[in-house]
Amino acid sequence: MKEEYREAMEKLSLSDDDKMRILANVKKAYEQSVEESSVSTDHKNVLPINRSRRFSPRRMGAVAAAFIVLCVSMVLIRNQQIMIDPEREKERQGEPLPYGPYTDVVWEQYDSIKDIARKTDCKTYTLSKLPKKYKVKKVEVANAQRHVKITYHNKKDKDDILLEYKEESDSVDIKSQFSGESELATEKIDGSEVKMYGTKKCSGMTWEDDTCTFAVKMSRACSTDSARRIVSGTKQSGKQDTEVKNEKEEKDEQRLVNSNVVGWDGREKASGAEQKQKVLRKVYNQLGFRVMLHSPAARVTYKYIQDFESFAFYVEGEESLSDKWIIGYAGESGSPDGALSDYDETETVTVGEHTVTVYQRDPWEKILVFMIDDVCFTLFIDEYDRDPGEEILTTLLSVFEVSREEESEPTHDIDDKEETPDHTPEPGSKPSVDCRRAIQKIQQAVAEKSLTKLSSYISYPLDIDGLGETIGSASEFQSLDADLIFTPDWIDAILFCDTDHIKATAKSFTLGDSDNSLVCRVKGKSVVITELHVVVEDREPSDDDMDEDY
């Protein structure tokens with residue numbers, strides 16, 4: 001009987017009008033009962049105690065009405081609690097709760113990401129592929145629910161990126177925050193199906209693995225390519241150390257490739273000597289030129305794509321580029337169709353005799369466009385949030401050599417050391433036009449005492465006889481003390497050497513004399529410096545140095 005009554009009471013429901021009417025009646029009954037129960041000050045009207053009634057009919061009616069309203073109110077309140085508390089509803093229906101009994105969500109803030117492992121029971125995930133400008137601003141953890149929020153902040157660009165995850169499959173708490181947003185795209189990244197939200201650009205994404213549900217929200221929308229890189233960089237702390245990373249590189253696992261790049265899928269391996277020669281022969285037959293890549297370019301892959309020679313490579317010796325997979329194209333004019341889509345021109349930088357135009361889509365997505373020997377180059381550099389200054393561009397430009405010679409080029413790189421032959425000067429012999437132009441540029445850099453300009457003609461590593469040093473990159477060369485290189489005798493030897501005595505057919509020659517000189521090598525229509533000899537004299541101590549001794 002009690003069970004039937006309970007079920008009947010649970011089915012009761014009242015409209016808002018009925019609720020207001022019942023409450024008004026209760027109020028009215030209460031006021032009337034108070035009025036009747038008031039004791040008159042007139043002692044003549046006081047009845048004997050034994051003759052007074054404890055309850056009048058009106059009182060009994062009011063009490064009954066109040067009791068009914070109380071019962072109905074309790075049922076309504078109980079039903080409302082069940083509706084607004086899905087966890088309790090699951091418990092009532094026999095469904096297990098994810099973390100035991102229902103508890104309030106308590107968020108605690110920590111000083112660093114390391115505190116997640118030290119002070120909580122939660123797993124630690126980070127966004128490992130964000131540019132270095134993004135620093136951890138806030139770490140919040142609801143330990144009972146295994147729910148974590150990490151906010152990254154870019155102070156310069158005033159941009160915030162929030163990583164949120166909960167150790168729960170298909171978490172409603174994580175995914176419901178995107179219910180009112182437009183779905184931009186769905187992509188499979190690292191085995192997970194990632195939903196991206198936004199209009200033209202991505203402002204948030206959500207995905208899950210076997211144990212967690214993830215979300216990333218950005219205060220500044222980015223391209224889907226940038227979003228893919230952010231997701232691919234979501235790694236559990238301690239799961240990917242240096243050894244694992246090196247092992248992945250050795251296996252040449254698939255890399256993320258910019259959607260504006262055609263003909264590459266990220267699985268390509270470096271070209272061997274035979275493959276390189278085959279591609280360059282085809283490029284020459286189709287385009288009338290070929291482009292070779294030399295040190296500091298490493299692990300180079302050559303392709304022929306849509307009337308462009310294409311290549312991918314890493315840069316050794318330059319810290320900011322060491323882990324960047326750079327993809328480029330070389331053609332008679334312009335860039336491949338769609339390459340510059342959604343990119344905006346941001347600046348132009350002059351490097352020696354070259355002008356480099358920089359295009360940008362997001363702070364970490366850049367395209368460089370420039371000309372070398374009437375060939376147009378287009379380079380994609382992703383995950384790079386720095387401004388490519390003259391030093392970086394000089395290093396990149398030094399990688400390329402354009403050749404229009406009909407015969408196949410040797411497959412070894414330009415930095416392979418060869419013994420420099422001696423050439424007997426012949427009066428009247430002159431270098432080719434391009435060779436003479438390069439010599440004049442080298443002499444101009446020496447006259448200006450510019451390490452930066454001179455570094456663009458050097459093939460690294462460079463042996464500097466006199467200093468007893470071997471320089472591995474353009475940035476390392478530019479950091480040298482210019483006074484040690486540009487001594488008066490060395491400058492005079494380079495500027496006043498007789499270039500008319502250099503044979504036009506020479507593969508190598510020397511600018512300067514036996515003590516102060518640059519050893520150069522001719523490759524096609526380019527000239528590169530392979531050795532530098534300078535006599536370094538002991539400098540007299542300056543007045544400041546003498547003061548320090550005392």
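- For Glu108 and Lys119, the salt-bridge test fails: no basic side-chain N is under 4.0 Å from an acidic carboxylate O.
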Next item on the list: Let me see the working for Ser226 and Asp362 under side chain to side chain donor-acceptor pair (under 3.5 Å), right down to the final yes or no.
Entry: CA-CA 8 Å; Ser226 293; Asp362 287 328; 2.7 Å; yes
Note to self: Between Ser322 and Glu316, is the side chain to side chain donor-acceptor pair (under 3.5 Å) condition met? List the steps.
What the structure shows: CA-CA 6 Å; Ser322 60; Glu316 292 183 338; over 6 Å; no
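- A 4.5 Å side-chain heavy-atom check between Glu531 and Leu518 finds every atom pair outside the cut-off.
- For the residue pair Gln440/Gln444, the side-chain donor-acceptor check at 3.5 Å is not satisfied.
- With hydrogens and angles disregarded, a donor-acceptor distance shorter than 3.5 Å links the side chain of Thr395 to the backbone of Glu391.
- Using a cutoff of 4.0 Å between basic side-chain nitrogens and carboxylate oxygens, Lys366 and Asp382 are not scored as salt-bridged.
- Summarising the geometry, atom CZ belonging to Phe370 is positioned 8.5 Å from atom CG belonging to Leu393; distances are rounded to the nearest 0.5 Å.
- For Cys376 against Gly334, the heavy-atom pair with the smallest separation is SG-O, 3.4 Å.
- Residues Val349 and Glu347 have side chains in contact (heavy-atom distance under 4.5 Å, counting atoms from C-beta outward).
- For the pair Asp173 and Lys166, the tightest heavy-atom approach, listed with the atom from each and the gap, is OD2-NZ, 2.5 Å.
- Taking a 6.0 Å sphere around CD of Glu345, one finds it holds more than 12 heavy atoms contributed by other residues, nucleotides or ligands.
- Contact check on Glu268 versus Lys303 returns a salt bridge, with a Lys/Arg side-chain nitrogen under 4.0 Å from an Asp/Glu carboxylate oxygen.
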Notebook entry, point to check: Passes side chain to side chain contact (heavy atoms under 4.5 Å, CB included), Asp115 versus Val139? Steps please.
Noted result: CA-CA 9 Å; Asp115 287 337; Val139 178; over 6 Å; no
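- Glu168 contributes no side-chain N or O that, together with a main-chain N or O of Cys212, makes up a donor-acceptor pair within less than 3.5 Å.
- Across every non-hydrogen atom of Ser219 and Asp159, the tightest pair is OG-OD1, 2.6 Å.
- Not a single donor-acceptor pair under 3.5 Å links the side chain of Thr120 to the backbone N or O of Asn143.
- Between Phe477 and Ile458 there is a side-chain heavy-atom pair separated by less than 4.5 Å.
- The side chain to side chain donor-acceptor pair (under 3.5 Å) test with Asp160 singles out one residue from His153, Arg220, Lys138, Lys217, and that residue is His153.
- At a cut-off of 3.5 Å, with distance as the only test, no side-chain donor of Gln360 or Thr346 sits close to an acceptor on the other residue.
- The shortest non-hydrogen separation linking Leu451 to Ile485 is CD2-CG1, 4.4 Å.
- Side-chain N or O atoms of Ser271 include none that pairs as donor or acceptor with a backbone N or O of Lys276 at under 3.5 Å.
- When all heavy atoms are compared, the tightest approach of Arg361 to Tyr343 is N-CD2, 3.4 Å.
- In this model, a donor atom of one side chain and an acceptor atom of the other lie less than 3.5 Å apart for Ser259 and Asp225.
- Enclosure of atom NZ in Lys133 by more than 12 non-hydrogen atoms of other residues, nucleotides or ligands within 6.0 angstrom is indicated.
- Here Asp385 pairs with nothing under the side-chain hydrogen bond (donor to acceptor under 3.5 Å, both in side chains) rule; sequence neighbours left out.
- Side chain of Thr301 to backbone of Lys269: a donor-acceptor contact under 3.5 angstrom is found.
- Atom CD of Glu448 sits in a crowded spot, with more than 12 heavy atoms from other residues, nucleotides or ligands closer than 6.0 Å.
- In this structure, CD1 in Ile327 is found 10.5 Å from CG in Leu379, a value given to the nearest 0.5 Å.
- You'll find the side chain of Val358 reaches within 4.5 Å of the side chain of Leu368, heavy atoms only.
- Considering every non-hydrogen atom in both Thr224 and Leu184, the closest pair reads CG2-CD2, 3.9 Å.
- For Asp337, the CG atom sits in a loose shell: 12 or fewer heavy atoms of surrounding residues, nucleotides or ligands are nearer than 6.0 Å.
- Ring pair Trp207/Phe214: centre-to-centre distance below 6.0 Å.
- Within the 3.5 Å criterion, the main-chain N or O of Val257 finds a donor-acceptor partner in the side chain of Arg228.
- Looking only at distances, a side-chain donor or acceptor of Tyr302 sits under 3.5 Å from a matching main-chain atom of Leu293.
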Next item on the list: Kindly indicate, with the supporting measurements, whether the criterion salt bridge (Lys or Arg N to Asp or Glu O under 4.0 Å) is fulfilled by Arg229 and Glu365.
Entry: CA-CA 11 Å; Arg229 278 188 290 277; Glu365 292 181 320; 2.4 Å; yes
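- Aromatic ring pairs are classed by plane angle as parallel below 30°, tilted from 30° to 60° and perpendicular above 60°; the pair Tyr314 and Trp325 is tilted.
- Between atom CD1 of residue Ile494 and atom CG of residue Leu511 there is a gap of 5.5 Å, rounded to the nearest 0.5 Å.
- Without hydrogens or angle criteria, Tyr329 side chain to Val262 main chain gives a donor-acceptor distance under 3.5 Å.
- Considering only heavy atoms from C-beta on, Val375 comes within 4.5 Å of Arg404 through its side chain.
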Checklist line | Audit row: Leu340, Asn260, side chain to side chain contact (heavy atoms under 4.5 Å, CB included) steps and yes/no | finding: CA-CA 7 Å; Leu340 302 180; Asn260 288 32; over 6 Å; no
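- Applying side chain to side chain contact (heavy atoms under 4.5 Å, CB included) to Lys123 and the options Val148, Thr211, Ile116 leaves one that passes, Thr211.
- Between the side chains of Glu164 and Gln177, at least one donor-acceptor pair of N or O atoms lies under 3.5 Å.
- Cation-pi contact between Lys129 and Trp364: absent, since separation from the ring centre below 6.0 Å together with deviation from the ring axis within 45° is not met.
- For the pair Lys235 (side chain) and Ser232 (backbone), a donor-acceptor distance under 3.5 Å is present.
- When side chains are defined from C-beta on, Met371 does not count as touching Val402, because their heavy atoms never get closer than 4.5 Å.
- With sequence neighbours excluded, the residues forming a salt bridge (charged side-chain N to carboxylate O under 4.0 Å, His left out) with Lys175 are Asp170, Glu208, listed by chain and number.
- Counting non-hydrogen atoms of neighbouring residues, nucleotides and ligands closer than 6.0 angstrom, the CD atom of Glu183 exceeds 12 such neighbours.
- A heavy-atom distance below 4.5 Å is not found between the side chains of Val528 and Tyr457.
- Under the 30°/60° scheme for interplanar angles, the aromatic rings of Phe400 and Phe311 are found to be tilted.
- Side-chain contact between Thr530 and Cys520 is absent, with no heavy atoms from C-beta onward closer than 4.5 Å.
- Rounding to the nearest 0.5 Å gives a distance of 4.0 Å between CD of Gln478 and OG of Ser455.
- Atom CD1 of Ile367 is separated from atom OG of Ser335 by 7.5 Å, given to the nearest 0.5 angstrom.
- Checking side-chain atoms of Tyr165 against main-chain N and O of Tyr125 turns up a donor-acceptor pair under 3.5 Å.
- One distance of note links CG of Leu397 with CD1 of Ile392; it measures 11.5 Å at 0.5 Å rounding.
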